> 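The structure is given below, and queries will be raised subsequently.
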Amino acid sequence: MKHFSLLPALVFAARVIAFPSYASLAGLSNRELESILPTLEYRKPELPPGPLKDTSAKLVNDKAHPWKPLRRGDIRGPCPGLNTLASHGYLPRNGIATPVQIINAIQEVFNMENSLAIFLTYAAHLVDGNLVTDLLSIGRKTPLTGRDPPPPAIVGGLNTHAVFEGDASMTRDDDFFGNNHDFNATLFDQFVDFSNRFGGGKYNLTVAAELRFKRIQDSIATNPQFSFVSPRYFTAYAESVFPINFFIDGRRNDRQLDMDVARGFFQFNRMPDGFFRPNGTRSTEGINQVFLAHPMQPGENVGRVNSYTLDPTSADFSTFCLLYENVVNKTIRGLYPDPKGKLRQALNTNLGFLFQGLEGLNFGCQQVFPYGRD
């Protein structure tokens, strides 16, 4: 990336045309940031919400939160849970939200455990969100997360590949094939097929284990750029159990997801009529069963299909604190090597919130301070 020029406006205009319409603040030079940051309205991040006082099952597809079809310009992305929350109005229906709005919504509707909700939300926000305006797109890149800063100084959104979103999704294709965020009917057909073969027509932990392994093997065999290292290594297994933990009506005692309900969430971003959230908080229950059925170690293809090579530097399930350290010291520090002013302040605040969530998960990790303690 070339440095910002002090030449006449014509040079600046040519630069704008040459760069993508939207990108992240990450990786910009100090001179570029000094030009861009004053154009953004700084929003001091709110404290993360605490846990719900009442975690019992209750009606969440209610009259106050009806499903509505997308309007022109509304944004949806790779996460069916967040898409559904926006389509029911628990998040802003345009798909642009603050971290606090996201945490409140996933707790209220899915009864996600507070520390996990905080950790996941800030992990995504720190790499895909606009830290100055405190806004995150749940899908594509958009100027709605900032006040018209000059390109490329706006947020990337959750569609951004290989920082939070990753390969081998159950219902979204790998980024290598051109679309990592829209519902893929062929992959959902596979979801149904595996549910029929291994779950008697229902999606359960047995199906989750077989389908997770299948999706990994498919990507190894077809995607020369397939990557299965931290943090995607963890989120891939988590996304396999989330439908069981969050998409099953809380009045039911089984852990079997019906196909029509699954299609509603994955394809149409829609809760079933009369849907009750889970009874009691949920987290990543079942993830060990899914992993142990077909253990895989972190790795990636090396430029050609079927070249999966282990990566000993990646965190795995025995080194969860290394996941945190890698995200902070490699991913985030790599994106923001020398932040100044409001951006540095926002980074430190959000990094503190990230560790707050991690600390609540009781892994015994030590906090990392890439930009100092102030």
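Because the structure is a prediction, the values reported are computed rather than measured.
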> Looking only at side chains, do R43 and T133 share a donor and an acceptor under 3.5 Å apart?
no
> Take N180 and E165 through the side chain to side chain donor-acceptor pair (under 3.5 Å) test and state the conclusion after the steps.
CA-CA 8 Å; N180 66 347; E165 177 277 337; 3.0 Å; yes
> Go through the side-chain N and O atoms of Q225 and N301 and say whether any donor and acceptor fall under 3.5 Å apart.
no
> Does one side chain, of T186 or D189, offer a donor that lies under 3.5 Å from an acceptor on the other?
no
> Roughly how far, to the nearest 0.5 Å, is CG of L205 from CZ of R255?
5.0 Å
> For the atom pair OH (Y90) and CG (L82), what is the distance rounded to the nearest 0.5 Å?
14.5 Å
> Quick one, N179 with D173, criterion side chain to side chain donor-acceptor pair (under 3.5 Å). Give me CA distance, side-chain angles, the key distance, then yes/no.
CA-CA 6 Å; N179 187 337; D173 216 343; over 6 Å; no
> Checking ring-ring contact (aromatic ring centres under 6.0 Å, His included) against F183, which of F265, F266, F188 comes through?
F188
> Does the side chain of Q107 come under 3.5 Å of the side chain of N114 through a donor N or O and an acceptor N or O?
yes
> What is the ring orientation for F110 with F247, classed by angle as parallel under 30°, tilted 30 to 60°, or perpendicular over 60°?
tilted
> Could you tell me whether the side chains of S307 and R304 share a donor-acceptor contact shorter than 3.5 Å?
no
> Suppose we call two aromatic rings close when their centres sit under 6.0 Å apart. Are F228 and Y308 close by that rule?
no
> Using the ring of each side chain (for Trp, its six-membered ring), is F191 parallel, tilted or perpendicular to Y203, with breaks at 30° and 60°?
parallel
> May I ask you to decide if Q101's main-chain N or O and T98's side chain share a donor-acceptor pair within less than 3.5 Å?
yes
> Checking R373 against F369: charged group under 6.0 Å from the ring centre and within 45 degrees of the axis?
yes
> Regarding H125 and D134, is there a side-chain donor-to-acceptor distance under 3.5 Å anywhere?
yes
> Answer yes or no for R251 and F276: cation-pi contact, defined as NZ/CZ to six-membered ring centre under 6.0 Å and angle to ring axis within 45°.
yes
> Looking only at the side chains, is there a donor atom on one of S87 and R76 sitting less than 3.5 Å from an acceptor on the other?
yes
> State whether a side-chain donor-acceptor pair under 3.5 Å links H294 with E210.
yes
> With ring centroids as reference points, do F317 and F291 lie under 6.0 angstrom apart?
yes
> Assess the side chains of N94 and D74: does a donor N or O sit below 3.5 Å from an acceptor N or O?
no
> Mind checking whether Y233 and Y237 have parallel, tilted or perpendicular rings, split at 30° and 60°?
perpendicular
